[in-house]
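Contents: one structure, followed by commentary.
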Amino acid sequence: MARVKALVAGNWKMNGAKASKKEVTALAKKLAGKAKPACDVLICPPATLIATLKESAKGSKIAIGGQDCHAKESGAHTGDVSAEMLKDAGAAFVIVGHSERRADHGETDAAVRAKAEAAHRAGLTAIVCVGETEAERDSGATLKVIRGQLKGSLPDGATAKTTVIAYEPVWAIGTGRTPTPDDVAKVHAAIRKALEARFGAEGTKMRILYGGSVKPSNAAELMTVPNVNGALVGGASLKAEDFWGIISAYA
Ligand code: PEP
């Protein structure tokens with residue numbers, strides 16, 4: 001198994017205001033302390049806060065990312081933000097295909113792929129989310145669904161540097177429920193296999209994050225599952241104290 005540096009990424013969703021920069025400052029202070037976690041750290045705030053938080057994160061190891069981008073570089077797309085704009089504001093990553101976007105905005109695998117391509121075009125690392133619904137899980141379709149989403153959402157030519165996968169079972173997001181470590185291991189092994197089959201050596205090194213109700217109390221167990229190379233964290237990333245509790249799984 002290739003050695004892959006973990007990434008712990010926070011997805012603030014539609015939360016946060018300028019005052020939230022105090023959380024970034026607090027986290028930066030913790031990261032500068034004695035415990036040096038062996039993982040990269042990323043915060044994806046709403047687009048309105050990218051520039052502000054980039055400034056707050058200056059001099060620290062915290063990277064800043066977007067939560068979504070349009071596939072086009074610019075144009076008549078009211079309300080949308082392009083990957084180039086995110087980059088210009090200070091982002092290094094962008095999440096694409098989050099289940100909330102797939103559900104709330106009807107984003108198809110093809111749309112997610114176009115967004116991941118846009119991220120690559122702009123020089124951003126795309127975090128491509130996949131995950132089954134509870135009904136799909138109950139019908140035994142989890143691996144089929146995940147393989148289909150990977151096939152349709154990942155651009156050809158994706159590399160370990162440009163692309164991160166996040167496995168987020170939809171039923172585990174924001175619910176406090178998580179799959180067993182065994183279940184996570186099975187899905188992540190299947191994802192790794194699919195990545196290796198399609199991307200060869202790059203596929204062995206691509207980071208596969210687990211997301212869905214990760215918190216300080218379960219992070220250590222989930223982060224030691226084979227082929228789990230970090231976490232995508234929603235609710236527990238909003239407060240520096242909680243997020244640090246998850247990052248510390250790598251200390
Ligand atoms: C997410 O939305 O990406 C997520 C994992 O949320 P939570 O950690 O709150 O379940």
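Just so you know, these numbers come straight off a predicted model, no measurement behind them. Just follow the structure's listing: the first ligand is 1, and inside any ligand the first atom is 1. When a residue number appears, it is its place in the shown sequence, counting from 1.
Under a 4.0 Å N-O distance rule, the pair R113/E117 qualifies as a salt bridge. In this structure, D68 pairs ionically with K115, as a charged nitrogen and a carboxylate oxygen lie closer than 4.0 Å. A salt bridge links E107 to R101: one of the charged nitrogens lies within less than 4.0 Å of a carboxylate oxygen. Look at K30 and E241 and you find a salt bridge, because one of the NZ, NE, NH1 or NH2 atoms lies within 4.0 Å of a carboxylate O, short of that distance. Between E84 and R121 there is a salt bridge, with a side-chain nitrogen of the basic residue lying less than 4.0 Å from a carboxylate oxygen of the acidic one.
Y167 pairs by the ring-ring contact (aromatic ring centres under 6.0 Å, His included) definition with H188, not counting sequence neighbours.
Listed by chain and number, residues touching ligand 1 at under 4.0 Å (heavy atoms only) are N11, K13, H98, E168, A172, I173, G174, G211, G212, S213, L232, V233, G234, G235.
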